[in-house]
Number of protein chains: 2
Amino acid sequence: MAKATIDDVAALAGVSMKTVSRVMNNEPNVRPATREKVEAAVAQLDYRPNMSARSLAGNRSYLLGLLYGIPSAHYVLDIQEGVLDICRPQGYELLVHPCNHQDPNITQEIVDLMRDKRIDGVMLTPPISDNMTLMHALKRMSVPFVRVAPTESKGLSPYVETNDQEASYDMTCKLIALGHTRIGFICGHPDHRAVTLRFDGYKAALIENDIPLSNDLVANGLNSFESGEACARKLLEKKSRPTAIFAANDDMAAGVMMVAHQLGIKIPEELSVAGFDDTPVAHQIWPALTTVRQPIQAMAKKATELLIKQLRGKDVQLPASMLTSTIIVRESTGVAPKKHS
Amino acid sequence: MAKATIDDVAALAGVSMKTVSRVMNNEPNVRPATREKVEAAVAQLDYRPNMSARSLAGNRSYLLGLLYGIPSAHYVLDIQEGVLDICRPQGYELLVHPCNHQDPNITQEIVDLMRDKRIDGVMLTPPISDNMTLMHALKRMSVPFVRVAPTESKGLSPYVETNDQEASYDMTCKLIALGHTRIGFICGHPDHRAVTLRFDGYKAALIENDIPLSNDLVANGLNSFESGEACARKLLEKKSRPTAIFAANDDMAAGVMMVAHQLGIKIPEELSVAGFDDTPVAHQIWPALTTVRQPIQAMAKKATELLIKQLRGKDVQLPASMLTSTIIVRESTGVAPKKHS
DNA sequence: TTGAAAGCGCTAACAC
DNA sequence: GTGTTAGCGCTTTCAA
């Protein structure tokens, strides 16, 4: 038996093609009895609308795009699953697009993708969610978009974010409460603004607790494990080294732990280490890493909802959504050592 | 200026629609001069074929599917990038579909996806690449598919694989060469056959070197970090414990290292540990893990090529491709300790 | 080597 | 509330 078309359904249900179309698209103005007849025919024929025909006639692709710049594999996969969970039931499919956010041609590449595939709407994840050039290009093409954890020009699109700054404030306070006063901080990649902002939470906590901010205790990382190692060396080889190091992400925190092991510094007895993200490595290294967990899938779901709402023309305003991260205390943090001998 | 259509291009080039179509699809039987005229018109109008119209008229979707069951985030992302690298330039797009391989409805779910989206061809990654029920369903629907690292019924489809067994044989030999004779092995999840086969390499190496295979030295893991910990406890709490442990993947190896640390067993002085996969955690834990690196992206690219070839009706035979993995020696392995006191 | 005509299966605009 | 009519922009078939 060949695949059923909308005509077959219409014939079987004894209605017109258009009525079937109305039922399939959940449009109003169909009498319940008619709707049921159509639904029965659909079920009987196992009818599936042909996406290509819909797209062609409706001048829409029913495709969403996901742009990611490899912050971390787990982050991306979590986002991906969150998006699919929401968009599939609503009839949208997802096109994923990895991109190198350093590539100067990134905007052109993405513009081409949007044009070629006629993508209906797109989600930008960090650090691409702060790429102004790209965003303006999308605006010019009238491609609706939603952003995850943007830090710039938030008025430009709907977005979702987490309370990163607050979480890093809380984490810093936690370290202070354990008696630490010399707390090192390893900043994130400057292009990845959302990570960078975590530094602000650290600073706020120090100020709040009357601890002077010292440049000697701050190092500039690049989000990678290797950069974490380099920063750790810089911080730990000082004569008066910190008793705790808070890194802006887990990879860098893992780098700190590696260096500490190599230098024979005991964690947490001699050095507390905290990270951010709760990637799998956080609980797989020894000792397990105290960190901050973000609701990544929840963010992705919320963002997808905002995007689809936008596509449907609802909510002309630009909604935003804030989700909360939570601190996960493990074995890498402990009370500050007594004044060192 | 509105989007150019094939008619616009035909008019500008002074040829028929069909000729433009021929040029766009790289069909033969177009005079070079004509081809150039058309290409000039395409460039001038910045013409992009409309996928939906193509799909509708051609009764193809130009969509490939990627089914994955979360073996590991990095694995999936690597595969994904490899596929995109090959399929995009050939005019195919990718639909990703995470699935739980334990779910009894998985076959129905995927069959529905294939029908709804009219997917032209699909790639199965482990452990789904061994799901016979699913494969038969795909055959019945005539959906072409390619498999990554299958272990069963290899004649059923084109596939790519790596020399896992040989690599684990080599790794075991390496440990033996370091003087180890009591070498523990942690098997992978029984549903994940490709991982399971790594055990065979271990066994072969023992036999080759006249070392008896002891059940006391083998533990059954489930691929997860936690299962690695459990197996490690089982192996290390014995009175006569192994001097080396080879785990069928990195996550389990990381579990072994965690337990060793907790038990105060020094790595590699008192215990060598080796893993498989070279996931990021392998070089982020301390001491860095000796492991096996698979050419994941290369496999994905090769598999995509095989799939597309199949879609184009070439190569009616079922080709297969074997890629080679390489051992990465890091700090977690060393010479066997002297007979223990 | 090229072209003309006929759809693919659906939605949009409007009529009833 | 429902139906009619025209395409959407391509590929296919077959003729020239």
Side-chain angles (χ1 to χ4, degrees), chain A residues 1-39 41-42 45-63 91 93 115-118 120 311-313, chain B residues 1-39 41-42 45-63 91 93 115-118 120 311-313:
Chain A
M1 132 192 139
K3 232 171 210 4
T5 72
I6 198 171
D7 287 301
D8 303 328
V9 177
L12 181 60
V15 299
S16 78
M17 206 166 94
K18 178 64 207 175
T19 300
V20 177
S21 173
R22 285 198 180 92
V23 171
M24 294 309 293
N25 294 293
N26 280 312
E27 285 172 31
N29 297 337
V30 180
R31 203 180 306 153
T34 314
R35 185 176 295 274
E36 276 167 33
K37 263 196 309 187
V38 172
E39 278 163 355
V42 165
L45 296 171
D46 192 25
Y47 165 66
R48 319 287 180 115
N50 180 315
M51 285 293 295
S52 307
R54 285 187 121 173
S55 300
L56 181 58
N59 195 31
R60 267 165 297 167
S61 65
Y62 296 94
L63 291 175
E93 256 308 329
R115 296 198 53 175
D116 284 355
K117 309 302 176 189
R118 265 96 167 159
D120 286 346
L311 301 183
R312 300 227 168 105
Chain B
M1 134 192 136
K3 231 169 210 5
T5 73
I6 198 172
D7 287 301
D8 303 328
V9 177
L12 182 61
V15 298
S16 80
M17 207 166 93
K18 177 62 208 176
T19 300
V20 178
S21 173
R22 285 199 180 91
V23 172
M24 294 309 293
N25 294 295
N26 281 312
E27 283 171 34
N29 296 338
V30 179
R31 201 180 309 152
T34 315
R35 188 176 291 275
E36 274 167 34
K37 263 196 310 187
V38 172
E39 278 163 354
V42 165
L45 297 172
D46 191 25
Y47 166 67
R48 320 286 180 111
N50 181 317
M51 286 293 295
S52 307
R54 284 189 121 173
S55 301
L56 180 57
N59 195 30
R60 265 164 300 168
S61 65
Y62 297 95
L63 290 176
E93 256 309 328
R115 298 199 51 174
D116 284 356
K117 310 299 177 190
R118 265 98 167 158
D120 286 346
L311 300 184
R312 300 230 168 103

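Protein chains get the first letters and strands the later ones, always in sequence-line order, with residue 1 at the start of each. This is a predicted model, so every value here is computed, not measured.
Using a 4.0 Å cut-off, some side-chain N or O of A/S16 falls inside it from OP1 or OP2 of D/dG3. Taking 4.0 angstrom as the limit, B/Y62 places none of its side-chain polar atoms (N or O) nearer than this to OP1 or OP2 of D/dC10. Taking side-chain N and O atoms only, B/S52 has no distance below 4.0 Å to OP1 or OP2 of D/dC8. At D/dG3, one or more side-chain N or O atoms of A/T19 fall inside 4.0 Å of OP1 or OP2 (strictly under the cut-off).
The separation between B/D7 atom CG and D/dC8 atom C1' is 11 Å, rounded to whole Å. Going from atom CE of A/M51 over to atom P of C/dC10 covers 12 Å, rounded to whole Å. Rounded to an integer number of Å, the gap from CG of B/N50 to P of C/dC8 is 18 Å. For B/N26 and D/dT11, the CG to C1' distance is 15 Å, given to the nearest whole Å. Atom CZ in A/R22 sits roughly 14 Å away from atom C1' in C/dC10 (whole-Å rounding). Nucleotide C/dA12 holds its P atom 9 Å from the CG atom of A/N59, rounded to whole Å. Protein atom CZ of B/R54 is 19 Å distant from nucleotide atom P of D/dC8, rounded to whole Å. Rounded to an integer number of Å, the gap from CG of B/D116 to P of C/dC10 is 12 Å.
Contacts of A/M24 with the nucleic acid, taken as non-hydrogen atoms under 4.0 Å apart, are absent. Using a 4.0 Å heavy-atom criterion, one finds that A/R35 contacts no nucleic acid atom at all. Among the atoms of the strands shown, only primed sugar atoms or phosphate atoms (P, OP1, OP2) are found under 4.0 Å from some heavy atom of B/T34. Residue contacts shown for A/P49 are limited to sugar-phosphate atoms, with no base heavy atom under 4.0 Å away.
For B/M17, the listed nucleotide lying nearest its side chain is C/dA6; candidates were C/dA6, C/dG9, C/dT11. Distance from the side chain of B/N29 is smallest for C/dT1 among the nucleotides C/dT1, C/dA4, C/dG7.
The line from CE of B/M24 to CD1 of B/I6 is 7.5 Å long, rounded to the nearest 0.5 Å.
In this structure, A/N59 places its CG atom where only 12 or fewer heavy-atom neighbours from other residues, nucleotides or ligands lie under 6.0 Å away. For CG of B/D7, the number of neighbouring non-hydrogen atoms (other residues, nucleotides, ligands) closer than 6.0 Å is greater than 12.
Between B/L56 and B/V30, it is B/V30 whose nearest contact on DNA chain C lies nearer the 5' terminus. Mapping B/R118 and B/R31 onto DNA chain C via the closest heavy atom, the residue that lands nearer the 5' end is B/R31.
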Would B/T5 and B/N50 satisfy side chain to side chain contact (heavy atoms under 4.5 Å, CB included), going step by step from the backbone distance to the final call? CA-CA 8 Å; B/T5 73; B/N50 181 317; over 6 Å; no

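Scanning all heavy atoms of the two residues, the minimum distance from B/N29 to B/R22 falls at O-CD, 4.3 Å.
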